[in-house]
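Below is one structure; the comments refer to it alone.
Just so it is clear, the structure is predicted and the values come from calculations on it, not from any experiment. First listed ligand is number 1; within each ligand, the first listed atom is number 1.
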Amino acid sequence: MTVNKTIGSLGYQVVIGENCLAALQSFLEKKKYSRHFILCDENTFQHCLPELLNECYALHEAELIEIESGEENKNLSICIDILRTLTEGKADRSSVLINLGGGVIGDMGGFVASVFKRGFDFINVPTTLLAMADASVGGKTGVDFDGLKNHIGTITQPAGVFIYPKFLETLPSRHVLSGLAELIKAGLIADKKLFEETAALKHFSFGKAKEIIFKGISIKNKIVKKDPAEKNIRKALNFGHTIGHAIEAFSLTTAQPLLHGEAVALGMLAEAKISYDEKLISKAELSKIQKVIGKFFGHVKMPKAETKALLALMQQDKKNSGDGINFTLLQGIGKAKINVQVPESLIVNALNSL
Ligand SMILES: NC(=O)c1ccc[n+]([C@@H]2O[C@H](COP(=O)([O-])OP(=O)(O)OC[C@H]3O[C@@H](n4cnc5c(N)ncnc54)[C@H](O)[C@@H]3O)[C@@H](O)[C@H]2O)c1
Ligand SMILES: [Zn+2]
């Protein structure tokens with residue numbers, strides 16, 4: 001019998017492994033929640049729910065809330081539908097919501113649970129690489145609003161996170177790659193060895209999944225435990241995201257929306273270029289980063305956006321305070337430098353290099 005690995009986070013546990021759904025069952029037995037709700041989309045309904053119910057009999061009577069998949073559904077209007085369903089289903093503050101899905105389900109379910117009757121427990125059962133290696137931990141919840149990424153939300157920690165890597169077997173390869181971007185980011189900001197390991201992958205290997213997810217989520221967990229409210233060091237996790245979120249938000253208005261990880265990959269290229277222009281990384285380091293990101297994301301096309309429109313989106317970045325855009329840059333591979341304001345000309349140069 002394989003053993004789960006468990007990491008302690010901010011008042012909850014992150015359990016990863018082949019037996020983690022059994023661990024979820026024990027957790028639910030202990031908690032004795034008044035009612036169970038499961039949030040899923042049509043894909044996790046089909047591919048993940050049967051296995052979850054098979055392992056967790058505590059969820060046999062759970063009320064299912066199914067929403068349509070996709071970033072375009074991560075909005076307040078869908079939250080209202082979920083809140084109504086919870087009200088009709090008589091959810092109370094001793095209930096629990098299980099978020100069975102990727103980052104969209106986790107962010108939106110977490111948000112709804114954090115505001116319904118001023119908050120009740122939610123548990124993340126991530127089903128994408130991106131959510132397993134990054135989004136399920138740290139408590140950032142929220143939705144997109146008026147074309148801005150994650151503009152409305154809370155920082156509310158889950159009651160537990162249960163990572164079952166086998167769910168990845170049905171994940172389409174484009175979404176696997178999208179998750180790989182966050183793992184590359186984790187290596188770049190905090191762990192040179194993880195970056196080298198990810199760089200050496202020929203393609204994402206399921207044999208390595210558990211190990212690599214564990215490394216990614218451990219880096220994230222260590223950082224968010226030090227700074228849950230993102231006052232300082234947690235900003236390191238935003239490397240690639242100032243420009244990445246602007247590109248993602250813009251692309252969502254076009255006929256070819258990018259996935260979060262694809263936009264972050266472009267954002268990392270641009271922000272690595274700025275790091276080089278600011279003399280924080282060497283030419284050799286920049287080339288290495290470009291080579292690795294190019295290997296996995298060379299096919300991703302930069303949307304045809306006006307620079308002005310992207311800069312306006314960056315002005316709304318949550319890391320900013322006062323005027324100016326606050327970047328997280330690299331200081332060598334494996335180390336981040338937060339709160340760097342750079343001249344607009346460098347941002348424009350970096351965008352033009354994509
Ligand atoms: N809260 C955080 O800290 C944090 C961190 C990073 C990203 N995010 C957010 O996460 C979101 C992206 O998450 P994502 O990439 O997981 O996207 P997603 O939730 O949209 O999932 C990707 C797609 O895969 C499908 N899917 C999920 N699991 C599956 C499975 N096991 N088999 C088959 N299909 C499956 C989904 O239905 C969807 O179509 C973005 O909104 C981003 O802003 C949040
Ligand atoms: Zn991200």
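Between Glu182 and Lys185, at least one side-chain N (NZ, or NE/NH1/NH2) sits under 4.0 Å from a carboxylate O, which counts as a salt bridge. For Lys318 and Glu230, the salt-bridge test fails: no basic side-chain N is under 4.0 Å from an acidic carboxylate O.
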(message) As a quick check of understanding, evaluate side-chain hydrogen bond (donor to acceptor under 3.5 Å, both in side chains) for Lys319 and Thr328, giving each step before the final call.
(response) CA-CA 9 Å; Lys319 289 188 300 304; Thr328 293; 5.1 Å; no
(request) Mind running side chain to side chain contact (heavy atoms under 4.5 Å, CB included) on Leu129 and His175 for me, showing each step along the way? (result) CA-CA 8 Å; Leu129 180 61; His175 291 288; over 6 Å; no
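Heavy atoms of other residues, nucleotides or ligands lying less than 6.0 angstrom from CD of Glu51 number more than 12. Environment of CD in Glu344: sparse, with no more than 12 heavy atoms of neighbouring residues, nucleotides or ligands closer than 6.0 Å.
Protein residues with any heavy atom under 4.0 Å from ligand 1: Asp41, Asn43, Thr44, His47, Cys48, Ser69, Glu71, Lys74, Gly102, Gly103, Val104, Asp107, Thr127, Thr128, Leu130, Asp134, Ala135, Lys140, Lys149, Asn150, Phe167, Thr170, Leu171, Pro172, His175, Glu182, Lys220, His260.
The OE2 atom of Glu182 and the NE2 atom of His260 subtend an angle of 100° at the Zn ion (ligand 2), given to the nearest 10 degrees.
Nearest to the Zn ion (ligand 2), among the N, O or S atoms that His241 has, is NE2.
Identified under the ring pair (Phe, Tyr, Trp, His ring centres under 6.0 Å) test for residues 98-156, with sequence neighbours left out: Phe116-Phe120.
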